Colleague: 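Shown below is the structure under consideration.
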Amino acid sequence: MKNTFLFLAILFSYVLSAQNDLIFKEKDTKPFIEVNGTAEKEVMPDRIYIAITLTEKSTNDKDDSIQKQEENLRKGLAETGVDLKELFLSDAVSEITTYKKRETGIKLSREYTLIVKNADEVKKVFKKLSDMNIKEAIISKTESSEIEKYRKEVRIAAIKVAKEKATYLLQAIGEELGKPLEIKELDLNSFRFSNTSSNMIIKDNVNVETNFEKILVRFSYYIKYSVK
């Protein structure tokens, strides 16, 4: 009797295993199509960061003090029409100056960040800084204030590209597109920001070029569709 039960158990296990294997094979043989879709968009930056450094020399001239220079800077920038609310103090440094290993005084410097919106404002600012004999200024980076909106647009476009590709490929062989079985965002560099979008720096004879490098937003998706 025990042998009979053992035989039946082994037989049942074998039949169940065979059924599961058949189901797996049936699922595995369902037709599908795999495609990639990529989309990209170049965006003109509308937040341009200008780093401006003021330095107090080792003199007793009150007109050369950091406070006076900052006052003149604000006044000069106001004349260009830029928004002074976008001018920030980003760093302040005090440094002991020496001559032949002897202390001669303290050198003070402050770095400000000014955010402007477009190339015209950049030209005005650099021209004014040059007129004020402020030579330590450079564009540090650029951004887009609507970058999240562009990310969404490009993602949607990439998904549509993949679906369109799968649709016309199946139509070429007389088949129809089914439901998506798997969607995966591929690991790509979705942005190309320009931290040094322009090498603009003030020189004695200022000649400001404002050909900013655009921000590239790019996404790519892998999608697996069933075939009807």
Side-chain angles (χ1 to χ4, degrees), residues 1-49 115-123 139-200 209-228:
M1 183 65 69
K2 290 183 179 180
N3 291 336
T4 302
F5 280 124
L6 179 61
F7 173 76
L8 290 175
I10 293 173
L11 179 63
F12 177 76
S13 176
Y14 174 78
V15 172
L16 183 62
S17 176
Q19 287 178 340
N20 288 338
D21 187 54
L22 179 61
I23 292 172
F24 174 78
K25 287 182 178 179
E26 287 178 349
K27 288 182 178 180
D28 192 47
T29 56
K30 287 184 178 180
F32 63 86
I33 184 172
E34 297 173 302
V35 291
N36 289 343
T38 301
E40 62 182 41
K41 184 183 185 72
E42 288 190 328
V43 179
M44 183 64 72
D46 61 0
R47 289 178 61 83
I48 304 158
Y49 291 71
I115 305 174
V116 296
K117 298 177 181 178
N118 52 52
D120 288 338
E121 289 189 350
V122 171
K123 289 181 180 180
I139 291 180
S140 57
K141 66 176 181 178
T142 60
E143 293 177 346
S144 169
S145 61
E146 295 188 300
I147 196 65
E148 290 305 319
K149 182 187 80 171
Y150 297 128
R151 283 166 59 97
K152 181 179 179 180
E153 290 177 357
V154 174
R155 280 190 168 112
I156 292 173
I159 291 286
K160 289 182 177 180
V161 167
K163 183 178 181 180
E164 182 182 359
K165 184 189 297 185
T167 299
Y168 71 67
L169 288 175
L170 289 177
Q171 288 175 345
I173 56 174
E175 299 290 347
E176 292 185 37
L177 188 68
K179 294 181 179 180
L181 303 175
E182 184 179 354
I183 300 176
K184 184 185 299 182
E185 185 173 292
L186 301 180
D187 187 16
L188 298 174
N189 293 324
S190 57
F191 299 103
R192 185 188 67 207
F193 283 104
S194 177
N195 289 327
T196 53
S197 64
S198 173
N199 292 324
M200 286 190 292
E209 294 294 334
T210 51
N211 296 320
F212 296 111
E213 182 180 356
K214 294 181 180 179
I215 300 168
L216 177 67
V217 184
R218 184 173 186 266
F219 284 100
S220 186
Y221 282 87
Y222 156 84
I223 305 181
K224 180 179 179 180
Y225 286 100
S226 63
V227 178
K228 290 183 180 180

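The structure displayed is predicted, hence computed values, not measured ones.
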Colleague: Which value, rounded to the nearest 0.5 Å, describes the distance between Tyr222 atom OH and Ile183 atom CD1?
Modeller: 10.5 Å
Colleague: Between Leu177 and Ile33, does a side chain to side chain contact (heavy atoms under 4.5 Å, CB included) hold up when you go through it step by step?
Modeller: CA-CA 9 Å; Leu177 188 68; Ile33 184 172; 4.2 Å; yes
Colleague: Would you compute the distance between atom NZ of Lys41 and atom CG of Leu216 and round it to the nearest 0.5 angstrom?
Modeller: 11.5 Å
Colleague: If you measure from CZ on Arg218 to CG on Leu186, what distance do you get to the nearest 0.5 Å?
Modeller: 9.5 Å
Colleague: More than 12 non-hydrogen atoms from neighbouring residues, nucleotides or ligands closer than 6.0 Å to NZ on Lys149, yes or no?
Modeller: yes
Colleague: Could you tell me which non-hydrogen atom of Lys117 sits nearest to which non-hydrogen atom of Glu121, and how far apart they are?
Modeller: N-OE1, 2.9 Å
Colleague: Which heavy atom of Glu175 sits nearest a heavy atom of Lys228, and at what distance?
Modeller: OE1-O, 3.5 Å
Colleague: Arg47 and Tyr49: side chain to side chain contact (heavy atoms under 4.5 Å, CB included), yes or no, with the steps?
Modeller: CA-CA 6 Å; Arg47 289 178 61 83; Tyr49 291 71; 3.3 Å; yes
Colleague: Got a second to check how far Lys214's NZ is from Met44's CE, nearest 0.5 Å?
Modeller: 4.5 Å
Colleague: Please say whether more than 12 non-hydrogen atoms of neighbouring residues, nucleotides or ligands are located less than 6.0 Å from CD in Glu176.
Modeller: no
Colleague: Roughly how far, to the nearest 0.5 Å, is the CG atom of Asp46 from the CD atom of Glu146?
Modeller: 7.0 Å
Colleague: Side chains of residues 155-169: which donor-acceptor pairs under 3.5 Å do they make with residues two or more places apart or in other chains?
Modeller:
residue	atom	partner	partner atom	Å
Arg155	NE	Glu185	OE1	2.9
Arg155	NE	Tyr221	OH	3.3
Lys165	NZ	Asn36	O	2.6
Thr167	OG1	Lys163	O	2.8

Colleague: What heavy-atom pair brings Leu181 and Phe32 nearest, and what distance separates the two atoms?
Modeller: CD1-CB, 4.3 Å
Colleague: Where do Ile215 and Thr142 come nearest, in terms of heavy atoms and distance?
Modeller: CD1-O, 4.4 Å
Colleague: Minimum heavy-atom separation for Tyr150 to Val43, with atom names?
Modeller: CE1-CG1, 3.3 Å
